Amino acid sequence: MANLTVTGSWQGRQYIAGRWQAASGDVFENINPANVDEALGVYPRGTAADVDTAVGAARSAFDSWRRTSRIRRGELFLNLANLIRRDTDELAVALARENGKVLNEARAEVVEGLHMVEYVFGTARQPTGHMVASEIETKDLFVRRKPRGVVAVITPWNFPFAVPLWMLGPSLLEGNTTVFKPSEETPETGQRLAALFEEAGFPSGTINLVHGVGEEAGDALARHAGVDVVAFTGSYDVGSHIRRLAAESEHKTCALEMGSKSAVIVCEDADLPLAVGAAILSAFKTTGQRCVSAGRVLVHRRLLDRFVERFVAEARELKFGDPLAPDTFAGPMINGAGVDKVLAYNDLARKEGAHILLDGCRLTDPSRARGWFLSPFVYIQEPKPGVRTIREEVFGPHVAIVPFDSDEQAIRVYNDTPYGLSMAVITEDYRRWRLYRDECDYGMGYVNLPCIGAEVHLPFGGVKRSGNGQPSAAALVDAVTHKTAFTVNYDRRIIMAQGMSAQVSRGEKN
Ligand code: NAD
C-alpha cells in the first residue's frame with residue numbers, strides 16, 4: 001500500500017435523481033475519531049424534503065429498472081467491481097480516517113464489499129426462482145421472485161462500506177430501486193460508494209444518497225409511505241423503532257440486523273493458544289465495536305487460571321493507536337458517546353462485584369489524548385442472576401470472562417441475554433460442538449475460530465434482539481423480493497388440483 005494519498009477536506013454532497021447536490025441548508029461535520037480537532041469534511045444535513053425527493057426519484061426509476069434484463073443489471077455490478085478494485089487503497093484510507101478502524105481492517109472491509117459485488121454479478125445469470133412439480137401433468141408451476149419496489153438502506157458507522165453493499169447489491173440486482181442513508185459518523189465512505197455506482201453506469205434514480213442525522217433523515221426515510229422495504233443495520237433501539245413503523249404500514253416490511261452480546265466459549269478440552277487467539281480477536285478487533293464482538297468469554301473453570309494468565313498478558317500488550325500506522329492493532333472509539341457508554345459499563349462491572357484483571361481507561365498520552373482512545377477492560381464475573389454487564393451490549397473494549405463448570409451451564413449462560421448473534425466454541429470434541437450448535441441461540445456459529453469474520457455468500461443475521469429473521473448479505477434476497485406462485489395450463493380443458501371438479505352444472509335459464 002505504498003504512496004497513498006490522504007484526502008484533504010472532503011465536500012459532502014447528496015446524490016438524488018442522478019444529480020449531485022451540495023448543501024443548501026444545515027450541515028454536519030465529519031470528525032476524525034483519532035483526532036477530534038480535525039473535521040474531515042462537511043455534509044448536507046438531509047431533511048424530510050430531501051428524503052421525499054429521493055424516494056420519488058427511486059419510485060420513478062422503478063418500472064424501467066425492474067424491466068431491464070437481470071443480466072444487464074448484473075453487468076453493471078461487474079463495472080462496479082472493477083472500480084472498487086481500482087480504488088481499494090484510497091477507499092480503505094478514507095474509511096480508516098473517518099471510522100477509526102485500522103488500515104488493514106479497513107482494506108479487508110473494502111475487499112468484503114468487493115466480494116459482495118462480485119457475488120451479485122455472479123448470481124445475475126442464475127434463475128431467481130424455481131419450478132416445482134404439479135399434481136396435474138399438464139400444468140407447470142413456477143415460484144418466481146418479484147422486486148418489492150423501493151428499498152431504504154439505513155446503515156451503521158462500523159461497517160460503512162461492506163454493510164451498505166450487502167443491502168444495495170441484492171436489492172438492485174433483483175430490480176428494486178434504493179435510497180441509501182449512511183451513518184452520520186461515516187458519510188464519506190457512503191458518498192464515495194454512491195459515486196462509484198454512478199460511474200459504473202447505474203441509471204439515475206436507481207440509487208439515491210441522502211446524508212443526515214438518524215432522527216431526521218433516517219426517521220423520515222423509514223416512515224416514508226413510498227418505501228416498501230427498510231433494510232436496516234444498527235442498534236436494537238433504532239431497529240425496534242423501525243419494526244414498529246413497518247408494522248403500522250399496510251405494505252412495508254423490514255430486514256433488521258441489530259446488536260449482540262456475542263461470546264467465545266472455551267471448553268475444558270480447548271487448545272489453549274487457539275482459544276486465547278480467538279478470544280483476543282473476537283473481543284478487541286475494531287476496538288470491540290463489531291456487532292459480533294465478544295463481550296463475553298465463557299471459560300471452563302478447569303482452564304480458567306491458565307486462560308486468564310495468557311489472555312490478560314496478550315490484551316495488555318495490544319496497541320491501540322493511530323489507525324493509519326502499520327503496527328496498530330486497533331484504533332479509537334467512534335465518538336464521545338461511545339467512550340462514555342463503555343466507561344459507564346466499566347463502573348457498573350465494579351459495582352456488580354467483578355474481579356478486575358485489566359482496568360480500562362481513557363488513553364491520555366500526547367499521541368492519543370485528542371482521540372477517543374480506550375484501553376481494554378477485562379474482568380471475571382460469575383454468572384449470577386441479574387448481572388447486567390454480562391447480558392447487555394457494551395460495544396467497546398470491555399470483556400467479561402465468565403467461568404462455567406459444565407457444557408449445560410455454559411449453554412444456559414450463553415443463552416441468558418436478550419441477544420443471539422454470534423457464538424464460537426473452542427473444543428476438540430465433535431460431539432461437544434454439535435451440542436453447542438444445536439442448543440445455543442445465534443445466527444452465526446463458529447468452531448475453533450473467533451466469533452467474528454463473515455463471508456458474503458453466507459446469511460448474516462441473528463435471533464432475539466439481534467435480528468428479525470431476515471438475514472443480510474446474500475440472504476437479503478428473501479427480504480427484498482416476494483415470491484409469487486405462477487401456474488400455466490397446457491391442456492385445453494381446465495383440470496383442478498385436489499380432485500376438485502371443473503364441471504360447470506347449468507340449471508334452468510333465469
Ligand atoms: P444506530 O442504530 O445508532 O444507527 C444506525 C443507523 O440508523 C444510522 O444510519 C443512523 O443515522 C440511523 N438512525 C438513527 N436513528 C434513527 C431513527 N430514529 N430512524 C431511522 N434511522 C435512524 O447504530 P450505530 O451506532 O451506527 O451502529 C452500532 C450498532 O449497530 C451496534 O448496536 C451494533 O451491534 C449494530 N450492528 C449490527 C450489525 C448486524 O449485522 N447485526 C452490524 C453492524 C452493526
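None of the values given here were measured: they were computed from a predicted structure.
Within the 3.5 Å criterion, the main-chain N or O of Leu421 finds no donor-acceptor partner in the side chain of Ser262. The closest donor-acceptor contact from the side chain of Thr53 to the backbone of Ala49 lies under 3.5 Å. Between the side chain of Ser204 and the backbone N or O of Arg19 there is no donor-acceptor pair closer than 3.5 Å. At least one donor-acceptor pair closer than 3.5 Å links the side chain of Thr123 to the backbone N or O of Val120. Checked by atom type and distance alone, the side chain of Tyr442 never pairs as donor or acceptor with a backbone atom of Ala263 at under 3.5 Å.
Side chain to side chain, Glu184 and His211 fail the donor-acceptor criterion of an N or O pair below 3.5 Å. With hydrogens and angles left out, the side-chain atoms of Trp20 and Glu198 include a donor and acceptor closer than 3.5 Å. Between His251 and Asp228, the side chains place a donor N or O and an acceptor N or O closer than 3.5 Å (distance only, hydrogens not considered). There is no side-chain donor-acceptor pair under 3.5 Å between Thr68 and Arg72. For the residue pair Glu185 / Asn335, a side-chain donor-acceptor distance below 3.5 Å is found, with atom types taken as modelled. With 3.5 Å as the limit, one finds a donor-acceptor pair spanning the side chains of Asn82 and Arg85. Side-chain contact annotation: Thr47 with Glu216, donor-acceptor N/O pair under 3.5 Å absent. In the model, Tyr15 has no side-chain atom that pairs as donor or acceptor with a side-chain atom of Asn208 under 3.5 Å. Side-chain contact check for Tyr43 and Gln191: no donor-acceptor pair (N or O, by modelled atom type) lies under 3.5 Å. Between the side chains of Asp269 and Thr427, a donor-acceptor pair is found at a separation under 3.5 Å. Inspection of the Glu98 and Thr189 side chains reveals an N or O donor paired with an N or O acceptor under 3.5 Å.
Within 6.0 Å of atom CZ in Phe142, more than 12 heavy atoms from other residues, nucleotides or ligands are found, so the atom counts as buried in its surroundings. Remark: Glu455 CD is loosely packed, at most 12 non-hydrogen atoms of other residues, nucleotides or ligands lying under 6.0 Å away. Within a 6.0 Å sphere centred on CD1 of Ile71, other residues, nucleotides and ligands contribute more than 12 heavy atoms. Taking a 6.0 Å sphere around CZ of Arg434, one finds it holds 12 or fewer heavy atoms contributed by other residues, nucleotides or ligands.
Counting only residues at least two apart or in different chains, side chain to side chain donor-acceptor pair (under 3.5 Å) contacts with residues 132-147 comprise Asp140-Tyr490, Arg145-Asp478, Arg145-Thr481. Listed by first then second residue, pairs satisfying side chain to side chain donor-acceptor pair (under 3.5 Å) with a partner in residues 460-469 read Asp441-Lys464, not counting sequence neighbours.
Here the CZ atom belonging to Phe159 is positioned 9.5 Å from the CG atom belonging to Leu95, to the nearest 0.5 angstrom. Taken to the nearest 0.5 Å, the CH2 atom of Trp65 stands 5.5 Å off from the OG1 atom of Thr206.
The pair Asp416-Arg412 does not count as a salt bridge, with every side-chain nitrogen at least 4.0 angstrom from each carboxylate oxygen. Salt bridge status for Glu392 with Arg388: present, with a side-chain N to carboxylate O gap under 4.0 Å.
For the pair Lys181 and Phe232, the cation-pi test (distance below 6.0 Å, angle within 45°) is failed.
Taking the six-membered ring for Trp and the full ring otherwise, the centers of Phe77 and Phe202 sit less than 6.0 Å from each other.
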